[in-house]
Asker: 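This is the structure I want to talk about, given as structure tokens.
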Protein chains: 2
Amino acid sequence: MTTPYKDSILRGDCIEVMKSLPDACVDLVFADPPYNLQLGGGLTRPDQSDVDGVTDEWDQFESFAAYDAFTKAWLAEARRVLKPNGALWVIGSYHNIFRLGCAVQDLGFWIQNDVVWVKTNPMPNFRGTRFANAHETLIWAGRDKKSRPTFNYHSLKAANEDVQMRSDWTLPLCTGQERLKTGGKKTHPTQKPEALLHRVLSATTNPGDVVLDPFFGTGTTGAVAKRLGRHFVGIERDETYAKAAEARIASIVPADPEDAAPLPSPRRQPRVGFGQLIESGLLAPGSKLYCPKRKHIARVKADGTLDTSLHQGSIHKVGAGVQNAASCNGWTFWHYEEAGKLAPIDSLRSVIRRGMN
Amino acid sequence: MTTPYKDSILRGDCIEVMKSLPDACVDLVFADPPYNLQLGGGLTRPDQSDVDGVTDEWDQFESFAAYDAFTKAWLAEARRVLKPNGALWVIGSYHNIFRLGCAVQDLGFWIQNDVVWVKTNPMPNFRGTRFANAHETLIWAGRDKKSRPTFNYHSLKAANEDVQMRSDWTLPLCTGQERLKTGGKKTHPTQKPEALLHRVLSATTNPGDVVLDPFFGTGTTGAVAKRLGRHFVGIERDETYAKAAEARIASIVPADPEDAAPLPSPRRQPRVGFGQLIESGLLAPGSKLYCPKRKHIARVKADGTLDTSLHQGSIHKVGAGVQNAASCNGWTFWHYEEAGKLAPIDSLRSVIRRGMN
DNA sequence: ATGTCACATGAATCCACCT
DNA sequence: TAGGTGGATTCATGTGACA
């Protein structure tokens, strides 16, 4: 399916603009919604300076109700334009993240993780009345419970000292050269660091995917998407921000497609059956396989099954059987002998796979 | 005002029991309510052993609506029994924290901070499908917008190497000797570490204050309160938990009020992965890395892995691969070129680390 | 006593594909 | 769509056996 408006910034209110997009046309939505909605949106009442407690609480309730209505409206549209296996990221602070998270769940999204962006250089709390607000929260959710969102597990692990990536990410704020300036002042009050979007997009999209950002601002999502070989659709109602984003993205040089591809996952490699090892002559019928400690021995049969005195069947079933386990990965459990040493039969599968290229 | 039931554990449903308490009688509420986990079938580790998930009856709810109704009911009572300047702490994970936070706001509490408990030793993700769930979230809120909750800013700062205490707390899980056992098995599936409560109570209560915990469990709140010279009121409906808590608290020796009990360790040095060099723009996708003698060349990929014609993966795996070695420290093996000279990528990691201080 | 290694375990919404 | 099967998948820490 082709996505309209690919790699461009649409002007207008994101709810209205999303309504003009077809169903199921984007792979990912990344959203950094405002939480300090001012009068312009017509969503909150004015902040009365001298009110009694009752009115104060009522006012607070009204504001929350209006914010919730706004949140549900844009999230519903975002969900509609997501593909079945699409996913959503939203980011917020304690002012709005609980309302966002609640709406995400109520609309049928299925949360995969919440992630905390721990800031290396947060703004201190000057008045000494609270803890320094040193983090923001992101929510990663599939379109629904059945969705299987993209997750480049092996890339993340390899990039993280071969240890799986955790839900806490320590990253600096957007400062210095990266921070867009207009006349010496910051162009946008809450510009997100590209490193944050880099991690989001390289973790949960593939090259060529389309990422929608309904609160595009100065276009960090678009800039990183372009650099990583992903497509973006931005929505922004403030022309100043949109113009700044366009200029910024125009200057981005995309990575070579070869460099943008995530590490291939074993789950997506071509399937090689155990029988192919015998067919190809890598293992002879009648040869013996051993568990790592040589405690269990099985005989290879010509039809691609294993045989012990007690168990017959696939390498997995027999491996589970001899261990009295519920399941077993026969490729790593069973070993063949060569020059007196044992090696997993998985290494023979690799030989077959190499021959398939 | 005297508080009834001080330093004791009340048996029963927390909503009913709280209704029997007078208005405005406690200084702090700490609550660790059921998380409504909604786990699927069984989960096994890669070594085939079973994961002991939380499948207790008390964590089961019909729907989000049922959970929300329960949440609002106990929070409303908690708010009623709080003094005007009293405060609330709740803890949860992404399964329930957004619903908790919403209810907290809707009922008129005023959030001071959200705090993330970053776990040093979380359970990994065993199937490689998500980020390791390595944190939980706490919300600290005043009874209402006008409340001025206790906050021991200066003692926190002094105990934190004279740096302002932040909203991210790095602490280990409750394991080892601290974990209560019954017949060799854990007494409670979700016992919280005392270090966490220590930080909560020393930060936001004064000696002599009364702390109510409506989900007392095995009484971590009571144990820490007693040690720190605070009073507690616990509510627990499971007699086994309540009994265990009573025995535990009886053995606690209160600290001498003069003693500044040591606060748990400061935050650990976060891991810096090779991926962060690319995320931060220190290395561009497609740039080349060399071994010291330029015999081997690898290309940097956007996902934080390396690629030669033969090997793909982490800097360490690829370094080992090209040398045909069992292992390799990629940080010192791989070099980048600058002004015609080679420098180890470890020097770029130092740049990242400097930015994190 | 000291070091090594095997083993256990923690609030977990934890698979993909084919028939 | 429900069920069956192939086969992919873990980090930090504490305890205890054993050399």
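Side chains are part of it too, since the values below use all heavy atoms of this structure and drop only hydrogens, waters and symmetry mates. Below, chains carry the letters A, B, ... as their sequence lines are ordered, and counting in each starts from 1.
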Asker: Between B/Met123 and B/Arg127, which is nearer to the 5' end of DNA chain D once each is assigned its nearest nucleotide?
Answerer: B/Arg127

Asker: Would you mind telling me which of C/dC14, D/dT9, C/dG10 lies closest to the side-chain atoms of A/His154?
Answerer: D/dT9

Asker: Quote, to the nearest angstrom, the C1' distance that separates D/dT10 from C/dC7.
Answerer: 14 Å

Asker: If you measure only the distance, is there a donor-acceptor pair under 3.5 Å linking the side chains of B/Tyr67 and B/Gln38?
Answerer: no

Asker: Nearest to the B/Leu43 side chain among D/dT9, D/dT15, C/dC14, which nucleotide is it?
Answerer: C/dC14

Asker: Ignoring backbone atoms, test whether B/Gln191 places a side-chain nitrogen or oxygen under 4.0 Å from the OP1 or OP2 oxygen of C/dA11.
Answerer: no

Asker: Please give, in whole Å, the distance from D/dG7 P to B/Gln48 CD?
Answerer: 15 Å

Asker: What's the closest nucleotide to the B/Asp59 side chain, out of C/dA11, C/dA12, D/dT9?
Answerer: C/dA11

Asker: With both distances under 3.5 angstrom, what nucleotide forms a Watson-Crick or G-U wobble pair with D/dT10?
Answerer: none

Asker: Would a 4.5 Å heavy-atom cut-off, applied to side chains only, mark B/Lys186 and B/Asp52 as touching?
Answerer: yes

Asker: Tell me the interatomic distance from B/Leu138, atom CG, to C/dA11, atom C1', rounded to whole angstroms.
Answerer: 13 Å

Asker: Can you name the closest pair of heavy atoms from B/Val118 and B/His135 and give their distance?
Answerer: CA-CB, 4.2 Å

Asker: Counting only side-chain N and O atoms of B/His188, is one of them less than 4.0 Å from OP1 or OP2 of C/dA11?
Answerer: no

Asker: Please determine if a side-chain N or O atom of B/Lys186 lies less than 4.0 Å away from the OP1 or OP2 oxygen of C/dG10.
Answerer: yes

Asker: Checking all strands, does B/Asn133 fall into the base, sugar-phosphate, or nothing category for heavy-atom contacts under 4.0 angstrom?
Answerer: sugar-phosphate

Asker: For the C1' atoms, the ones on C/dA1 and on D/dG16, what distance do you get once it is rounded to whole angstrom?
Answerer: 16 Å

Asker: Mind calculating the distance between CG (B/Asp32) and C1' (C/dA11) to the nearest angstrom?
Answerer: 9 Å

Asker: For D/dT10, does OP1 or OP2 lie under 4.0 Å from any side-chain N or O of A/Tyr153?
Answerer: yes

Asker: Does a side-chain N or O from A/Arg267 land closer than 4.0 Å to OP1 or OP2 of C/dA16, or not?
Answerer: no

Asker: To the side chain of A/Ser327, which of D/dT9, C/dA11, D/dG7 is closest?
Answerer: D/dG7

Asker: Could you pick out which residue, A/Ser314 or A/Gln164, lies toward the 5' side of DNA chain D when each is mapped onto its nearest nucleotide?
Answerer: A/Ser314

Asker: Does the plane of the ring in B/Phe131 sit parallel, tilted or perpendicular to the ring in A/Trp140? Use 30° and 60° as the thresholds.
Answerer: perpendicular

Asker: Within a 6.0 Å radius of atom NZ on B/Lys243, are there more than 12 heavy atoms belonging to other residues, nucleotides or ligands?
Answerer: no

Asker: Using the P atom in both, what is the distance from C/dC18 to D/dA8, to the nearest Å?
Answerer: 15 Å

Asker: Applying a 4.0 Å non-hydrogen cut-off, can you work out what B/Gly41 is touching in the nucleic acid: base, sugar-phosphate, or nothing?
Answerer: base

Asker: Is B/Thr175 near enough to D/dG14 that one of its side-chain N or O atoms lies under 4.0 angstrom from OP1 or OP2?
Answerer: no

Asker: Would you mind reading off the distance between B/Leu180 atom CG and C/dG10 atom C1', rounded to a whole angstrom?
Answerer: 15 Å

Asker: With a non-hydrogen cut-off below 4.0 angstrom, is A/Val163 in contact with a base, only sugar-phosphate, or nothing?
Answerer: sugar-phosphate

Asker: May I ask which nucleotide in the shown strands pairs with C/dA12, Watson-Crick or G-U wobble, both distances under 3.5 Å?
Answerer: none

Asker: Send over the distance from B/Asn36 CG to C/dA12 C1', rounded to a whole Å.
Answerer: 14 Å

Asker: Side chains of A/Tyr336 and A/Leu282: does their closest heavy-atom pair fall under 4.5 Å?
Answerer: no

Asker: Return whichever of B/Arg45 or B/Phe126 has its heavy-atom-nearest nucleotide of DNA chain C closer to the 5' end.
Answerer: B/Arg45

Asker: Give B/Pro33 one of three labels, base, sugar-phosphate or nothing, depending on what nucleic acid heavy atoms sit under 4.0 Å from its own.
Answerer: base

Asker: Tell me the interatomic distance from A/Arg148, atom CZ, to D/dA8, atom P, rounded to whole angstroms.
Answerer: 18 Å

Asker: Is the backbone N or O of B/Ala132 less than 3.5 Å from a side-chain atom of A/Asn113, with the two atoms forming a donor-acceptor pair by type?
Answerer: no

Asker: Looking for any heavy atom pair under 4.0 Å, which part of the strands does B/Thr190 touch: base, sugar-phosphate only, or nothing?
Answerer: base

Asker: Find the distance A/Ile315:CD1 to D/dT5:P and express it as a whole number of Å.
Answerer: 15 Å

Asker: Do B/Pro33 and B/Trp74 come within less than 4.5 Å of each other through their side chains, counting heavy atoms only?
Answerer: yes

Asker: May I ask you to verify if any side-chain N or O of B/Arg179 is less than 4.0 angstrom from the OP1 or OP2 atom of D/dT13?
Answerer: no

Asker: Report yes if a side-chain nitrogen or oxygen of A/Asn329 is closer than 4.0 Å to either non-bridging phosphate oxygen (OP1 or OP2) of D/dA8; otherwise report no.
Answerer: yes

Asker: Return the value, rounded to whole Å, for the distance between atom CG of B/Asp50 and atom P of C/dT9.
Answerer: 11 Å

Asker: When you measure from the side-chain N and O atoms of A/His316 to the phosphate of D/dG7, is any distance below 4.0 Å, counting only OP1 and OP2?
Answerer: yes

Asker: Quiz question: going by heavy-atom distance under 3.5 Å, is there a donor-acceptor pair between the base of D/dG7 and the side chain of A/Arg271?
Answerer: no

Asker: Does D/dT10 have OP1 or OP2 under 4.0 Å away from a side-chain N or O of A/Lys157?
Answerer: yes

